[in-house]
Asker: 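This structure is in C-alpha cells; I'll ask about it shortly.
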Amino acid sequence: MKLFVDTAKIEDIRKAEEMGVICGVTTNPSLIAKEGGRSQEDVLKEIASIVDGPISGEVKATTVDAEGMIAEGREIAKLHENMVVKIPMTAEGLKATKVLASEGIKCNVTLIFSANQALLAAKAGAAYVSPFLGRLDDVSQPGIDLIESIVEIFANDPEIDTEIIAASIRNPIHVTDCAMAGADIATVPYPVIEQMTKHPLTDIGIEKFQKDYIAVFGK
Ligand code: G3P
C-alpha cells in the first residue's frame, strides 16, 4: 500500500517527504482554507515542488455543475503534470470525470461513502476513488467494511484499474487495517504519520542501549 499525506500544510508535507514514506499528497477545500487564505493555485504549485507524485486539488466547493467542474479541472491540471483533479461524488461529478478522463486528466472522485458510489466513479473513468472511512466510523458505521467491499468489487472487474485511496484516516490502526484490506493507497494526516513512528518499547529500548553504552564508553 502506498502512503500519501493528507494536508495542505507545507511544513508537514516537507516533514513527511523528508521521512521518505510518502509518494503523493491529497488536499480538499477545508484543508486549503486552513492555509491562511493562500490561493489553492499557489499552495498546489508549492506542494508539487516538494513531492514528486500525484497531488490532488479539488474543484471549488461551490462549483456543483459538470461544466464548471470541467473548466476548473482543466485549470488545475495545467498547474503541474502531477496534478490530480478531485471531484465530488455526484451525478454532475461523474459527468465531469468522464470528460476530464477522456482528455487524459486524472480524477480522484471523493466523498465516497458506498461501494456503489466507488463503482460508478470507476466506470466513469476515475483514476482514484476516495472512500472516507473515518467519517463512517464517526457515525458508527465500520468504515473498513467499505474499503473491503470496494477492494473486492474492483478486484472482480478486470476492466477497473482505478486505485483506492483510503481517506479520512483518523489513527494508525486505520492505516494498518487499510493495508490489510488491500487498499492501494492510504492518505494520512501528518500527525497520524508521526503517531505511526512511535512505540513505547522502542523508546525503552533506546534508553537502555544509551544507559549500557554510557556505562562503558561514556557520552
Ligand atoms: O482527503 C479527505 C480527508 O481530508 C477527509 O478527512 O478528517 O475531514 O474526514 P476528514
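Counting convention: from 1, in listed order, for ligands and their atoms alike. Any value given below was found using the heavy atoms of this structure, including those in side chains, with hydrogens, waters and symmetry copies removed. As the structure is a computational prediction, the values presented were derived from the model and not from experiment.
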Asker: Show which residues join Tyr128 in its hydrophobic cluster (side-chain heavy-atom contacts under 4.5 Å, direct or indirect), or state none.
Answerer: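 Other cluster members: Phe4, Val84, Ile165, Ile185.
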Asker: With a 4.0 Å cut-off on N to O distance, would you call Asp203 and Lys198 a salt bridge?
Answerer: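 Salt bridge between Asp203 and Lys198, a charged N being under 4.0 Å from a carboxylate O: no.
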Asker: Going by the salt bridge (charged side-chain N to carboxylate O under 4.0 Å, His left out) test, which pairs reach into residues 16-37, not counting sequence neighbours?
Answerer: none
Asker: When you check ligand 1 against the protein, what N or O pairs turn up below 3.5 Å? List the atom names and distances, or just say none.
Answerer:
| residue | atom | partner | partner atom | Å |
| --- | --- | --- | --- | --- |
| ligand 1 | 1 (O) | Asp6 | OD1 | 3.0 |
| ligand 1 | 1 (O) | Asp6 | OD2 | 3.4 |
| ligand 1 | 1 (O) | Lys86 | NZ | 3.2 |
| ligand 1 | 4 (O) | Asp6 | OD1 | 3.4 |
| ligand 1 | 4 (O) | Asp6 | OD2 | 2.6 |
| ligand 1 | 4 (O) | Asn28 | ND2 | 2.9 |
| ligand 1 | 7 (O) | Arg170 | NH1 | 2.7 |
| ligand 1 | 8 (O) | Arg135 | NH2 | 2.8 |
| ligand 1 | 9 (O) | Arg135 | NE | 2.6 |
| ligand 1 | 9 (O) | Ser168 | OG | 2.7 |
| ligand 1 | 9 (O) | Arg170 | NH1 | 3.3 |

Asker: In this structure, are over 12 heavy atoms from other groups packed under 6.0 Å from Gln195 atom CD?
Answerer: yes
Asker: Less than 4.0 angstrom from a charged side-chain N to a carboxylate O is my criterion; do Glu207 and Lys211 meet it?
Answerer: no
Asker: How would you list, by chain and number, every residue that makes a side chain to side chain contact (heavy atoms under 4.5 Å, CB included) with Lys98, sequence neighbours excluded?
Answerer: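 Here no residue qualifies.
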